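First up is the structure itself, then whatever we jot down about it.
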There are 2 protein chains.
Amino acid sequence: MSAVPDLESRVVDEHHQALKLWLRLLACTARIEGVIRNRLRGEFETTLPRFDLMAQLERHPDGLAMGELSQRLMVTGGNVTGITDQLEAEGLVQRLVPPDDRRSTLVKLTPAGRRQFRKMATTHEGWIVELLDGWSVEEKAQVQALLGILKLHLAQVDPPTAPVRRRGKRA
Amino acid sequence: MSAVPDLESRVVDEHHQALKLWLRLLACTARIEGVIRNRLRGEFETTLPRFDLMAQLERHPDGLAMGELSQRLMVTGGNVTGITDQLEAEGLVQRLVPPDDRRSTLVKLTPAGRRQFRKMATTHEGWIVELLDGWSVEEKAQVQALLGILKLHLAQVDPPTAPVRRRGKRA
DNA sequence: TATTGTTATACTCTATAACTATA
DNA sequence: TATAGTTATAGAGTATAACAATA
């Protein structure tokens, strides 16, 4: 047997390894995400995008502009408007117009929103601890490091971009 | 300082570790999934659920019943009907009624569907290899093993279930 | 003219529940 | 009465593009 078939079969095996790894990675992540979505819905009547938006605001107590939220959440402006509308109607966030640029809108958590988010965040963290408890502290650190490597690679392969805002009136 | 504050801060740190790990895991997976979705759409005008359904059929050349597809894909029957309708209209799958139970419907790939799926699967596998190329063969094996541990844990925590089919006429 | 945010629309994916046909 | 699949409906989440107000 020449080296060529070995080389080829090694390549095939490595492809197979990558695919199997991806399927397992996706399955584990999707399971955890599903549990989180269900529990957020069942216990707080909220959704992951709403939670994520509030999490951004909690990290920026002075408020964020709609456009900044759009970029950080990696979704288009229309979506941010919709989610913000819901949260505002429930009194969890407020919109403010900065005097220096009246085109803009700052979104902030209300005191009630902050209280609500902190309650949810604590519970949420408990869920994550529970769901990742299959890993020891050392294993968690290993995975964190390995994912760090992957993250760097992914940034090169196909840089993450929020959906692009087309402007102007051209077709 | 007593041992209690140390214990508490260790617990807090470990919670923080789990949360950071989850955020990174989610970010990496979501990025890869997003790339795959975009490319499936751009190059094959298809979607992940459609791809997944065809993948199931490719593994079961004799066909699968709608209910089996529903279980394997972890979605409700109505969804499977909808996706199958699309694929059937495009000539990629066919429905067959088994003579022994005419309530049932077997879904199979057509020859054209099989050709199309194989083309997509090869390209798809290449994308996965590319996206996971940040990891060496050894690192991939490590992650695979670590995810295996997590998978076992998750099965205990909150067993995965396909959406339950409610039957009968009770409210 | 450019930018910010909003609105209107459409599409995919999902679940629920009533319904039809068969068993 | 139970089961398999379909249909109808609803709702989340997303993107696109036209639009108004402001710069």
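Throughout, a chain's letter reflects where its sequence line sits, starting with A, and its residues are numbered from 1. Owing to the predicted nature of the structure, the values given are computational and were not obtained by experimental measurement.
Checked against C:dT22, D:dG5, D:dA23, the side chain of B:Thr81 finds its nearest nucleotide in D:dG5. Across D:dT6, D:dG13, D:dA15, the shortest atom-to-atom separation from the side chain of A:Thr76 is found for D:dA15. Residue A:Ala65 has its side chain nearest to C:dG5 when only C:dG5, C:dA23, D:dA12 are considered. Picking from C:dT14, D:dG5, D:dT14 the nucleotide with the shortest atom distance to the side chain of B:Ile83 gives C:dT14.
For D:dT6, one of the phosphate oxygens OP1 or OP2 lies less than 4.0 angstrom from a side-chain nitrogen or oxygen of B:Arg95. Considering only side-chain N and O atoms, A:Ser104 lies under 4.0 angstrom from the phosphate OP1 or OP2 of C:dG5. Taking only side-chain nitrogens and oxygens, B:Arg41 never comes nearer than 4.0 Å to OP1 or OP2 of D:dA15.
Across all strands shown, B:Gly82 has no heavy atoms under 4.0 Å from either base or sugar-phosphate atoms.
Atom-to-atom, CZ of A:Arg37 to C1' of C:dT14 comes out at 11 Å; the value is rounded to the nearest Å. Computed from coordinates, the A:Leu53 CG to D:dT14 C1' distance equals 15 Å when rounded to whole Å. Distance CG (B:Leu106) to P (D:dT3): 19 Å, rounded to an integer number of Å. Summarising the geometry, the separation between CG on A:Asn79 and C1' on C:dG5 is reported as 13 Å, rounded to the nearest angstrom. The nearest whole Å value for the distance from the CG atom in A:Leu48 to the C1' atom in C:dT14 is 15 Å. Put simply, CD on A:Glu33 is 16 Å from P on C:dC13, counting in whole angstrom units. The distance from atom CG of B:Leu73 to atom P of C:dC13 is 12 Å, rounded to the nearest whole Å. With rounding to whole Å, B:Gln71 atom CD is found 13 Å from D:dT3 atom P.
Remark: the A:Thr76 side chain and the A:Asn79 side chain contain an N/O donor-acceptor pair separated by less than 3.5 Å.
Taking every heavy atom of both residues into account, A:Arg24 and B:Gly148 meet most closely at NH1-CA, 3.4 Å.
Every pair passing side-chain hydrogen bond (donor to acceptor under 3.5 Å, both in side chains) that includes a residue from residues 82-96 of chain A is listed here, sequence neighbours excluded: A:Arg50-A:Gln86, A:Arg50-A:Glu90, A:Asp85-A:Arg95, A:Glu88-A:Arg95.
Between A:Asp100 and B:Met66, the one whose closest nucleotide on DNA chain D sits nearer the 5' end is B:Met66. Both A:Asp101 and A:Asp85 lie close to DNA chain C; mapped to their nearest nucleotides by heavy-atom distance, the more 5′-ward contact belongs to A:Asp101.
For A:Phe51 and A:Phe117, the gap between ring centers is short of 6.0 Å.
In terms of polar N and O atoms assigned as donor or acceptor, the side chain of A:Arg103 comes within less than 3.5 Å of the base of C:dT3 in a complementary pairing.
Checking B:Glu45, B:Glu33, B:Glu130 one by one against B:Arg39, the salt bridge (charged side-chain N to carboxylate O under 4.0 Å, His left out) holds for a single residue, B:Glu130.
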